[in-house]
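Structure, as structure tokens:
Please read these numbers as outputs of a predicted model, since none were measured by experiment.
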Number of protein chains: 2
Amino acid sequence: MESFSTELRRRKNVQEIKREIAWNTKELFAQKGYSATSMDDICSINNRSRGSIYYHFKSKEEIFLYLIKLNTQEWMDSWRKIEGKYKTATEKLYALADHYVDDLTNPLNHAINEFMTGQVVSQQILDEMLTLIEMPYTLYEQIIKEGIERGEFKPTNPESVKYVVIGLFNGLSTFYFTKELDELRRLYKDAVDLILQGIQK
Amino acid sequence: MESFSTELRRRKNVQEIKREIAWNTKELFAQKGYSATSMDDICSINNRSRGSIYYHFKSKEEIFLYLIKLNTQEWMDSWRKIEGKYKTATEKLYALADHYVDDLTNPLNHAINEFMTGQVVSQQILDEMLTLIEMPYTLYEQIIKEGIERGEFKPTNPESVKYVVIGLFNGLSTFYFTKELDELRRLYKDAVDLILQGIQK
DNA sequence: TTCATTAAACCGACTGTTCAGTCTATTATA
DNA sequence: TATAATAGACTGAACAGTCGGTTTAATGAA
């Protein structure tokens with residue numbers, strides 16, 4: 001019991017270090033993409049040696065996957081925390097756009113895209129990435145279906161609307177490289193305005 | 001006069017070879033992105049040696065820039081050829097979406113995005129790329145303004161709508177990696193449906 | 001028509017750099 | 001003291017670009 005407890009407190013928790021490394025590295029992947037982010041970059045931004053990074057992660061790819069998983073889960077978790085504040089699907093769609101923009105300080109979607117097309121990866125990794133990418137899709141789907149059920153939205157094809165909205169949010173993120181964040185936030189709001197004008201009853 | 005004409009016909013036109021190499025290489029950049037496309041790949045798909053490629057292009061970067069320029073110009077030229085067939089801004093928007101999808105057999109936008117973020121390039125090259133990227137924006141702008149002037153569209157903010165549509169088309173292209181082309185074409189049409197429902201009078 | 005010459009076009013081995021990952025030694029901690 | 005955690009030099013592979021050599025095609029002269 002006592003020795004077990006000691007074991008758990010042996011050093012700074014390994015999981016914490018892994019998370020710290022991954023979060024620190026997010027900025028690099030977001031700004032440079034996957035392949036242009038070197039291990040030297042990663043060591044530098046984390047203030048750790050090569051050996052130290054490799055003690056915690058088997059490869060660069062593993063850091064990337066770990067980060068994407070972490071980022072996706074946290075993004076969805078934090079959405080879950082705030083979505084209750086909104087009563088209508090309309091409000092939720094605006095809020096989701098805002099939530100999406102919140103992550104645009106360091107967007108990973110471009111790095112994900114590059115990774116999946118440019119790297120030679122196993123089918124297993126590809127499938128895993130695809131699952132991760134599609135996880136947030138359920139949120140969009142829920143909002144749209146809810147809007148239809150509650151009579152806010154026309155009985156449109158929810159599947160199609162879902163992909164349009166996802167594509168739109170994804171596509172607008174490209175302007176991240178040329179526009180200020182508050183400009184972007186406004187643009188996302190305008191985009192949702194537009195979509196809603198089309199689907200609202 | 002006679003010698004001048006002979007000079008031009010010395011061998012297969014150099015410009016033709018450059019175009020051929022660039023077009024052959026498009027598929028690689030589209031499928032793999034910029035950095036994951038190696039010079040070996042490029043030699044292979046062109047059935048030419050290293051020396052031969054470097055005789056025509058100074059660098060991999062120059063091939064890429066040349067191709068983007070070529071592709072953008074051809075895309076816009078072919079749009080100019082067909083736009084006269086459409087009478088309304090509404091029709092034009094659908095046609096433009098279709099035209100966009102036509103180029104989705106080998107989309108270069110992802111490679112462009114990767115190149116601009118991941119490669120260390122001069123400010124001059126960056127500016128040049130940005131100009132190229134923004135060239136087609138004028139087409140979108142014209143259609144939207146025309147729609148407003150002709151009374152087809154509400155007097156919305158054309159600037160904002162322009163970016164929304166561009167972002168949308170760009171973002172939907174990500175599904176290129178997971179959906180069939182005809183599915184994609186349908187999705188683009190649905191997207192334009194949605195937008196139009198919002199902006200049509 | 002043939003041949004010699006010349007320059008364009010092409011070839012592919014080579015080069016130096018970059019890079020992800022390895023591994024031995026060292027340090028830190030319990 | 002033993003083990004976890006870290007350091008950083010090293011390694012082999014990959015890569016874009018170089019460069020000396022070869023081939024090709026056009027041209028003009030005989």
Notebook entry, point to check: Whole-Å distance between C:dC10 P and B:Ile53 CD1?
Noted result: 9 Å
Next item on the list: Flag the pair B:Tyr176 / B:His110 as yes when their ring centroid distance falls below 6.0 Å, and as no otherwise.
Entry: no
Notebook entry, point to check: Between B:Asp193 and B:Lys189, is the closest basic N to carboxylate O distance under 4.0 Å?
Noted result: yes
Next item on the list: Please collect all salt bridge (charged side-chain N to carboxylate O under 4.0 Å, His left out) contacts where either partner lies in residues 116-128 of chain B, sequence neighbours excluded, each pair once.
Entry: B:Lys69-B:Glu128
Margin query: Considering only residues two or more places apart or on different chains, which pairs with a residue in residues 166-183 of chain B satisfy salt bridge (charged side-chain N to carboxylate O under 4.0 Å, His left out)?
Written below: B:Lys179-B:Glu183
Check: How large an angle, rounded to 10°, do the end axes of the helix from C:dT1-D:dA30 to C:dA30-D:dT1 enclose when each is built from five base pairs?
Finding: 0°
Note to self: For residues 53-63 of chain A, which residue pairs pass the side chain to side chain donor-acceptor pair (under 3.5 Å) check, not counting sequence neighbours?
What the structure shows: none
Notebook entry, point to check: Hey, does the side-chain of A:Arg50 have a donor or acceptor N/O within less than 3.5 Å of a partner on the base of C:dA20?
Noted result: yes
Notebook entry, point to check: Which nucleotide in the set C:dA9, D:dA7, C:dA20 lies at the smallest distance from any side-chain heavy atom of A:Lys60?
Noted result: C:dA20
Notebook entry, point to check: Rounded to whole angstroms, how far apart are CZ on B:Arg48 and C1' on D:dT23?
Noted result: 14 Å
Item checked: Value in whole Å for how far the C1' atom of D:dA7 lies from CG of A:Asp40 -> 14 Å
Check: Taking the nucleotide of DNA chain C with the closest heavy atom to each, which residue, A:Gly51 or A:Tyr34, is nearer the 5' end?
Finding: A:Tyr34
Checklist line | Nucleotide nearest B:His56 when distance is taken to its side chain, options C:dA20, D:dA16, C:dC10 | finding: C:dC10
Check: For D:dA5, does OP1 or OP2 lie under 4.0 Å from any side-chain N or O of A:Tyr55?
Finding: yes
Item checked: Closest nucleotide among D:dA7, C:dC10, C:dA20 to the B:Ser49 side chain -> C:dC10
Check: Closest to the A:Ser38 side chain: C:dC19, D:dA16, C:dA9?
Finding: C:dC19
Checklist line | B:Phe57 CZ to D:dA16 P, straight-line distance once rounded to whole Å | finding: 15 Å
Next item on the list: Hey, could you give me each pair passing salt bridge (charged side-chain N to carboxylate O under 4.0 Å, His left out) that has a residue in residues 85-95 of chain B? Not counting sequence neighbours.
Entry: B:Lys92-B:Glu146
Item checked: Separation of C:dT18 P from A:Lys32 NZ (nearest whole Å) -> 13 Å
Check: Can you check the B:Asn46 CG to C:dC10 P distance for me, whole Å?
Finding: 11 Å
Notebook entry, point to check: Partners of B:Thr90 by side-chain hydrogen bond (donor to acceptor under 3.5 Å, both in side chains), sequence neighbours excluded?
Noted result: B:Glu152, B:Gln200
Note to self: Classify A:Thr37 by what it touches in the nucleic acid, base, sugar-phosphate, or nothing, heavy-atom distance under 4.0 Å.
What the structure shows: sugar-phosphate
Note to self: How many whole angstroms separate atom CE of B:Met39 from atom C1' of C:dC10?
What the structure shows: 14 Å
Note to self: Tell me the interatomic distance from A:Gln119, atom CD, to D:dC15, atom P, rounded to whole angstroms.
What the structure shows: 10 Å
